[in-house]
Amino acid sequence: MVEIELDGKKVEILEGSMIMHAADKAGTYIPHFCYHKKLSIAANCRMCLVDVEKMPKPMPACATPVSQGMIVRTKSDKAIKAQKSVMEFLLINHPLDCPICDQGGECQLQDLAVGYGGSSSRYEEEKRVVFHKDIGPLVSMEEMSRCIHCTRCVRFGQEVAGIMELGMSHRGEHAEIETFVGAAVDSELSGNMIDICPVGALTSKPFRYSARTWELSRRKSVSPHDSTGANLIVQVKNNKVMRVVPFENEAVNECWIADRDRFSYEALNGAERLTSPMIKQGSEWKAVDWQTALEYVANGLNQIKTNHGAASIGTLASPHSTLEELFLATGLMKGLGSPNIDYRLRNAEFESTPGVRWLGTSIASLSTLQRVLVVGSNLRKDHPLFAQRIRQAVRKGGVANTINSSTEFSGAEAWAMPVANTLLAAPGQWGALLAEVAAAVADKKGVAAPATATPSAQALVIANSLLSGERKAILLGNAAAHHAQAASLLALANWLGEQTGASVGYLTEAANTVGAQWVGAVPGQGGLNAAQMMSGSLKAAVLLNTEPEFDAALGAQAVQALSRAEMVVSLSPFKANMAFCDVILPISPFTETSGSFVNAEGRIQSFHAVVKPLGETRPAWKVLRVLADLLAVPGLAFDSSQDVRQQVLGAKPSELTQVPAERLSNATQAAISVATSSTVPCVATIYALDGTVRRAPSLQLTADARQAEQGVAA
């Protein structure tokens, strides 16, 4: 530790730290633009000049290392004069368009100009103009004359997103930030560049000119998409979601969010929203009131139960549904006497598991891994925020290894990070490849291998990698979780984990995959799994927040099978499943309901509605609770989602923020098999994960969405 004096106060800070870090620790604000706590130091804005004793000129606080006994003054005349001079230079070419700038009201340059800018300019020459650029549907570069060349966006691409899409060309007054050779910005984290831009140069294209920042109410929420559980600030005007930005939580999403978390809100106000209950009469849909719709559903389910038995009724539930919704849906089926409910819509194998499958470690620990083996995941597209944490680990010297199906889903370019070792094979051969790695580990340790295999040279390298280092993880991706031999892959991974000291876990697909397991949204004794229900075994089906055509492994086959059922009830925020449903009940998306999601590490995160339900839309937990009343199902008469959550947790919500450790387990009794399989795992592409992202226009214009569509068409 080093002790310095900062504005008369003694501050202890780690040796090698910068003055800026000491100021942060002391709670002293030093004006800056290019410095950002998550990015490398560039020291090119010079706004953070401070007065350091015995140094002849002001020094940049972000790039000046502390030394024992150093005396720093951030408010001296010398420091203030230097900072004001820098501000004058920054404003020389800056356009005077604050009144029409989208960044107005939350612009760092605007804020600091109040304290450090002059009341008039000595500059009388013409200001420079930078031509606007089109870099895609999400980020706007229409006003690049505002850019102050802090290079935050450039460093973000290199260091966090892992791909340098923006750079600075030319020199002096001709310097400008741009993509090269007319390329677009295609990173799945690109929206974060909007947040870190300190001026109005990079702005949100979908949000542009739609509201002023001071008109917006800010409300906390949680992402309903992947299993990170990213914390959000949803900004609202006139009961309409206008923008979504990150809420900083170092343990979960740091200060970043993925583009699908940021821009999917467009679907919430789109033409596809369902705003009133609808019943199909003949081949035509008719809007009805809630009482009529719910009584129609209750009478239909009771009739089918009488005619065919309760076992002919089942629920297909999305793992993007809240904890409360899944609990009530499970209780409703049990109350009817049916064991048929399942959230595992994309799975090919349906192992009965005693514990709740989870990440196997904390999300934050991914940033410090020294060795990692990822099996069956297009990591960067499946879990963008997990990928950026593993990218951090690799930048610090960690080694990434993967077993995957093609270079399209693995390798340095696909993951935007160096991947040391890659084993490629068809998904049906992943078990054999894992067995090779296990055999190499067994040979090194002198123990019996779990399966007979002859290690390849690459398998030996991966084995040596896992046997070295201290902090290690074996992570099974979405394709491994949905694999026809998922249990066998897990058994092999567990053996490797025991022998190498690595944690073993699933990246888990959806916002509430862990929560769905916890509340038991899986078939009861003798119940039908998702594949069986979607193969024509049901007389009545309830679809909770899901579209089998896009969300299930059986896809079109599921649609055909459900079309033959006597009654299909869809609970959805959108006009979905209309080709084969009999009733559609409009339920609230995450912004219009309260609820909880459980992320990959088992963290329980609750949220409130940020806007009122649209039209006649109602929260799904309320719809399920009223259906339970009409069907005379006892034990589900809850007055609020908080009451439901308390029933699930068995404690006051504030007392339990994590799934109990005794419930979390990736153990399996499955036998290890290296037999090949021809089944290809069903995995959603990045902007087809759920109904909300599929209906967000700007996301569907991205390169990722277009490539996925072309792949489906092909």
Side-chain angles (χ1 to χ4, degrees), residues 297-298 300-321 325-354 356-357 481-487 509-510 512-513 515-572 577 580-583 624 627-628 631 633 668 670 679 681-682:
V297 172
L301 293 178
N302 274 327
Q303 187 66 44
I304 290 168
K305 180 181 176 181
T306 301
N307 294 343
H308 304 287
S312 66
I313 303 172
T315 293
L316 296 166
S318 167
H320 299 277
S321 303
E325 292 163 3
L326 290 165
F327 174 79
L328 289 169
T330 303
L332 182 63
M333 285 297 105
K334 288 179 179 176
L336 284 172
S338 171
N340 306 327
I341 183 169
D342 208 347
Y343 76 93
R344 300 167 296 178
L345 308 178
R346 292 190 174 101
N347 284 33
E349 185 181 66
F350 300 89
E351 180 196 17
S352 178
T353 60
V356 174
R357 302 288 191 239
H482 303 162
H483 200 279
Q485 297 169 321
E509 179 185 42
N512 214 15
T513 300
Q517 299 172 74
W518 188 28
V519 299
V522 290
Q525 186 68 35
L528 303 174
N529 62 44
Q532 292 167 331
M533 284 191 271
M534 289 185 285
S535 297
S537 302
L538 297 179
K539 295 297 182 182
V542 178
L543 308 179
L544 176 57
N545 208 19
T546 188
E547 300 168 70
E549 182 179 358
F550 307 106
D551 295 332
L554 294 179
Q557 183 183 338
V559 171
Q560 292 175 3
L562 290 169
S563 298
R564 297 192 293 271
E566 293 182 17
M567 172 175 270
V568 179
V569 182
S570 176
L571 284 72
S572 173
N577 307 314
F580 59 90
C581 280
D582 301 287
V583 188
L624 292 166
L627 269 178
L631 291 164
V633 173
T668 179
T679 304
C682 175

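For reference, positions follow the sequence shown, starting with 1.
Atoms NZ and CD1, on Lys539 and Ile313 in that order, are 12.0 Å from each other to the nearest 0.5 Å. Distance check: Asn577 CG to Phe550 CZ gives 9.0 Å after rounding to the nearest 0.5 Å. Note that CG of Leu544 is 10.0 Å distant from CG of Leu328, once rounded to the nearest 0.5 Å. Between Cys682 atom SG and His483 atom NE2 the span is 13.0 Å, to the nearest 0.5 Å. To the nearest 0.5 Å, atoms CG (Leu336) and CD1 (Ile304) are separated by 11.0 Å. For the atom pair CZ (Arg346) and CG (Leu554), the distance works out to 12.0 Å, reported to the nearest 0.5 Å.
Side-chain N or O atoms of Asn545 include none that pairs as donor or acceptor with a backbone N or O of Ala317 at under 3.5 Å. His482 places no side-chain N or O within donor-acceptor distance of the main-chain N or O of Pro681, the cut-off being under 3.5 Å. Side chain of Asn512 to backbone of His320: no donor-acceptor contact under 3.5 angstrom is found. In this structure, the side chain of Asn529 engages the main chain of Gln532 through a donor-acceptor pair within 3.5 Å. A distance-only check finds no donor-acceptor pair linking the side chain of Glu549 to the backbone of Val559 [under 3.5 Å].
Checked options Thr546, Val542, Leu543; the residue passing with Leu571 is Val542 (criterion: side-chain contact (heavy atoms from CB on, under 4.5 Å)).
By the 4.5 Å heavy-atom criterion applied to side chains, Tyr343 and Ser321 are not counted as neighbours. Side-chain contact between Leu528 and Ser537 is present, with at least one heavy-atom pair separated by less than 4.5 Å. Residues Leu301 and Leu631 are in side-chain contact: their nearest non-hydrogen atoms beyond the backbone lie under 4.5 Å apart. Side-chain contact between Pro339 and Pro523 is absent, with no heavy-atom pair separated by less than 4.5 Å. Contact check for Thr315 versus Asn340: no side-chain heavy atoms found under the 4.5 Å cut-off. Between Ser570 and Val583 the shortest side-chain heavy-atom distance does not fall below 4.5 Å.
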>> side chain to side chain donor-acceptor pair (under 3.5 Å) for Gln517 and Thr353? Distances and angles first, verdict last.
In response: CA-CA 9 Å; Gln517 299 172 74; Thr353 60; 4.7 Å; no

>> Working note: Gln557 + Met534, criterion side-chain contact (heavy atoms from CB on, under 4.5 Å); need CA distance, chi angles, decisive distance, verdict.
In response: CA-CA 8 Å; Gln557 183 183 338; Met534 289 185 285; over 6 Å; no

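For Arg344, the side chain to side chain donor-acceptor pair (under 3.5 Å) partners two or more places apart in sequence, or in a different chain, are Asp342.
When all heavy atoms are compared, the tightest approach of Arg357 to Thr668 is NH2-CB, 3.8 Å. The shortest heavy-atom contact between Gly314 and Leu538 is N-CD2, 3.8 Å. When all heavy atoms of Pro354 and Ser352 are compared, the pair lying nearest together is CD-O, 4.0 Å. Nearest heavy atoms, Ile341 versus Gly520: CG2-O, 4.4 Å. The two residues Val568 and Ala565 make their nearest non-hydrogen contact at CG2-CB, 3.9 Å.
Every pair passing side chain to side chain donor-acceptor pair (under 3.5 Å) that includes a residue from residues 558-568 is listed here, sequence neighbours excluded: His308-Glu566.
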